[in-house]
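Computation of the quantities below employed the complete heavy-atom set of this structure, encompassing side-chain atoms and omitting hydrogens, waters and symmetry-equivalent molecules. We number each residue from 1, following the sequence as shown. Counting starts at 1 for both ligands and their atoms, following the listed order.
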Amino acid sequence: MRAARLNLETNEFALADVPIPDPAPGWVRVKVKSCGVCLTDLHMLAGQLRGPHRQTGELTLGHEIAGEVDLPGEGVENWQAGDRVAISLLHYRDGAEYTVGLDFDGGWAEYVVTPAETLVRLPDSLPFDVASIVPDAVSTPWAAITQTAEVKPGESVAIWGVGGVGTHALQILRFVGAAPIIAVDPLPEARERALRLGADFVIDPTAEDAVAKIKELTKGVGVNVAFDFVGISAIEVDLLRAAAPFGRTIWVGANTQPLVLETPGMLLFQRQQIRGHFASGPEAVPELLDLLALNRLDFSESITDSFSLEEIETAIDRLKRKVGNPVRLVVVP
Ligand SMILES: [Zn+2]
């Protein structure tokens, strides 16, 4: 089969012909119907990020996967060939956490093998492309908002970065009743989309002081919760500056740069908190698929474009350079 593989030592990336993998006992082979292209993949390709359990050799990237069960491994009883599924990002083995597409081969390939417990059945009405973005681009902000941040109805919220993950965050914030929702993004198209999808106010941080504007919009108090979906040190400091006393600041974007907090007194006297967030627990994807089946949430507008496996380099380049301001790009092998 064809698979897009990254050499984890040399950073060489290429399409390769590899054997179709057989599922181990308890695992399932899935025919990939759609797999997202994500900023996390760009960090992997740039050599800035590695799964904790896979540092050497070659790895098939792609962690936002939907497809059809092809072959259940030994001992797997509740899945049959043809079942439509999404694959949850994480699973647990011997007390350790493993991520598909980071710690073991992912979905930029014709087939992927994954533990049976990561499979989640798709509603009949949900197309594979929308389903494939649920396991990360939707479930990550879902868990960040509902679990890590514990956002309650009526709480004020600011989010930095309304691209491929932040866009879903603001739809979810709208759904859980946060208000006002303030979105910060330098791209005009992103701000326009944010207003359309649920933001009450948008701020261009290149044109005005985002923190001062957030204070102004919240009667001088600041927001209850502030999210960084970008992963830049300056933004992480701004989260604290924009947060109200007792405010929670949530780091979701992957930041590999040093961070200097010049005003740690905020954490002390104002009792502010910094909470880190990664991915989502096993309940997130089933919860979201139920909400999608009931039409409570709709992410169909998020699929900006799809590419064949042969076009993977084009898809990566398009995400890297934000050509056409994509929300999500998917590969259809
Ligand atoms: Zn992702």
S.K.: Tell me whether Arg84 forms a cation-pi arrangement with Phe128, defined as NZ or CZ under 6.0 Å from the six-membered ring centre and within 45 degrees of its axis.
M.R.: yes
S.K.: Leaving waters out, which protein N, O or S atoms fall under 2.8 Å from the Zn ion (ligand 1)?
M.R.: Cys38 SG, His63 NE2, Glu64 OE2, Asp136 OD2
S.K.: In terms of relative ring orientation, are Phe104 and Trp27 parallel, tilted or perpendicular, with 30° and 60° separating the classes?
M.R.: perpendicular
S.K.: Inspect the surroundings of CZ in Arg93 and state if more than 12 heavy atoms from other residues, nucleotides or ligands are less than 6.0 Å away.
M.R.: yes
S.K.: Say whether Val211 and Val225 are linked into one hydrophobic cluster, either directly or through other cluster members, by side-chain heavy-atom distances under 4.5 angstrom.
M.R.: no
S.K.: Judged by atom type as modelled, is there a donor-acceptor pair below 3.5 Å linking the side chain of His63 to the main-chain atoms of Leu89?
M.R.: no
S.K.: Please name all residues satisfying side chain to side chain contact (heavy atoms under 4.5 Å, CB included) with Val176, sequence neighbours left out, ordered by chain then number.
M.R.: Ile145, Thr146, Val151, Ile172
